[in-house]
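Given the structure is predicted, the values throughout are model-derived calculations rather than measurements. When a ligand or atom number is given, it counts from 1 through the structure's own listing order.
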Amino acid sequence: MSMKIGTSPFDERVERGLSDNFMRNAVTSAQGRFREGRLNAAEELGDWEEWRKHGEEIRHHTLENLDYYLEQLSDNVNKRGGNVFFATTAEEANEYITDVIQKKNGKKVVKSKSMVSEEIGMNEAISKAGSEVIETDLGEWILQMDDWDPPSHIVTPALHKNKEQIRDVFHQKMGYSNSEKPEELASFARDELRKEFLSADIGITGCNFAVANTGSISLVTNEGNARLVTALPKTQITVMGMERIVPSYEELDILVSLLTRAAVGQKLTSYITSLTGVKDEGDVDGPEDFHLVIVDNGRSNILGTEFQSALHCIRCAACINVCPVYRHVGGHSYGSIYPGPIGAVLSPLLGGYEDFKELPYASSLCAACTEACPVRIPLHELLVEHRKVIVEKEKSAPPFERLSMKAFRMGTASPSMYNAGTKLAPKIMKPLSNEGRIDKGVGPLKNWTDSREMPVMKNERFRDWYKKRSKRGGHE
Ligand code: SF4
């Protein structure tokens, strides 16, 4: 499954993430900037909670009526001279795309950022079929130059790299000889990419939202690269997840307002592009041939289940930007092209529990993600739902969890055992205590204390304190 990044086991990936101090600092500082930007932008907008509710209603309504809107979208794209292909699987989508490229004798493909194309492994499929594919989003291009290093964030894919590392990649792969100054790096990338745009036969884009009642495709970018991808090559292919749709421009307006503020704290990103059909007579640019590939790849199995709201996601990454687990382990630890809280929810649904069963446990369930989500997806509740499914599927929890739950049940079901247990616990914990906290646990406790401290239980229990207090007439 192409959603998977790397083959190393989850524990190893996490260990690697935890020991990468550069990545952790970069993520912490980016999270801080994004979070502050989001809060300021939300405040400026007025009643943010009302906007979120509205966003949730739009996504809920659209998903409840998805078949209707997809049909409407498809009809309108056809009316404007485009072709629509519904792909049930990643393979079907790739087959269609490579077929279009081959029929056009496409040697070079320029591409703007698209998560669904990563999900279906489109780049590999195009390369295998003999065409060259060039990423034109700056972050994605850096990763491509670095031998297709996988993205670690859904909005800023090269978040794990600093400017010195980028300079080295440019130097080694393209003979770049200037400094690590961002302006010089960006100017070099611009010159290189300009050549690619001008010599490409095919342009491929993702889709932030498709507008059902006009058949338009909307793209939100910071660099304007999607405009060149769609304006210069004669053939354009747009790949979209089947849920990325809005009924009309009215709903698009609201969701884009939420997306840009939640993603990077901007009122608008630099470029919001909307394209409808093929080039008309008299148009100076635009594709002569347009193909919209609507990808299911497991999404219809989620419809009607307790996980349906995961499809409301507008890929803003606000949940990733507040997640304390992501901050410590970084994007690659998730082993999926979708990292962070939304990745932990989506990856097992789209890629299967077999490959992603650890991800629902990579969360403290603090609910910061749910609170940040602009379309109010109850992410932490969905993670608990996943845990339920996993336990039921495996017919058992991990041995230690089973044992501790059994002990907990026995202890809390009998007043005398509860009494004895709560008296005994502080004494058992005492030898491990270091000034009232355990920082070096043993056995299963070690995993906990490796990354945080555990308070030692007090000798005086709440019930003893309460009894004493009641005797004194309620005064401490
Ligand atoms: S789950 Fe919500 S916060 Fe996370 S990426 Fe999707 S829309 Fe944004």
For I377, the ligand 1 atoms with a heavy-atom partner under 4.0 Å come out as 1 (S)
heavy-atom search around atom 6 (Fe) of ligand 1 in the protein gives C313 SG, 2.3 Å
The side-chain contact (heavy atoms from CB on, under 4.5 Å) partner of K173 among D168, I142, D147 is D147
Touching ligand 1 at all, P374? Heavy atoms, strictly under 4.0 Å?
yes
Short version for I314: what comes under 4.0 Å of ligand 1, heavy atoms counted, is both
| Between the main-chain N or O of E95 and the side-chain N or O of D99, is there a donor-acceptor pair closer than 3.5 Å? | no
Answer yes or no: does atom CZ of R35 have more than 12 heavy-atom neighbours from other residues, nucleotides or ligands under 6.0 Å?
no
Next item on the list: On the 0 to 90° scale, with breaks at 30° and 60°, tag the Y96-F85 ring pair as parallel, tilted or perpendicular.
Entry: parallel
query = Does the R16 side chain pair with the main chain of S333, one donor and one acceptor, at a distance under 3.5 Å?
reply = no
Atom 2 (Fe) of ligand 1 has as its nearest protein heavy atom C373 SG, 2.4 Å
### C319 near atom 4 (Fe) of ligand 1: N/O/S under 2.8 Å
yes
| request: Count the heavy atoms belonging to other residues, nucleotides or ligands that lie under 6.0 Å from CD of E15, then report whether that count exceeds 12. | output: no
| field | A317 to ligand 1, any heavy atom closer than 4.0 Å | value | yes
>> Tell me whether E251 contacts the main-chain N or O of S248 through its side chain, where contact means a donor paired with an acceptor under 3.5 Å.
In response: yes
Note: L379, heavy atoms under 4.0 Å from ligand 1, region reported as side chain
Ranked by distance from atom 8 (Fe) of ligand 1, the top protein heavy atom is C316 SG, 2.3 Å
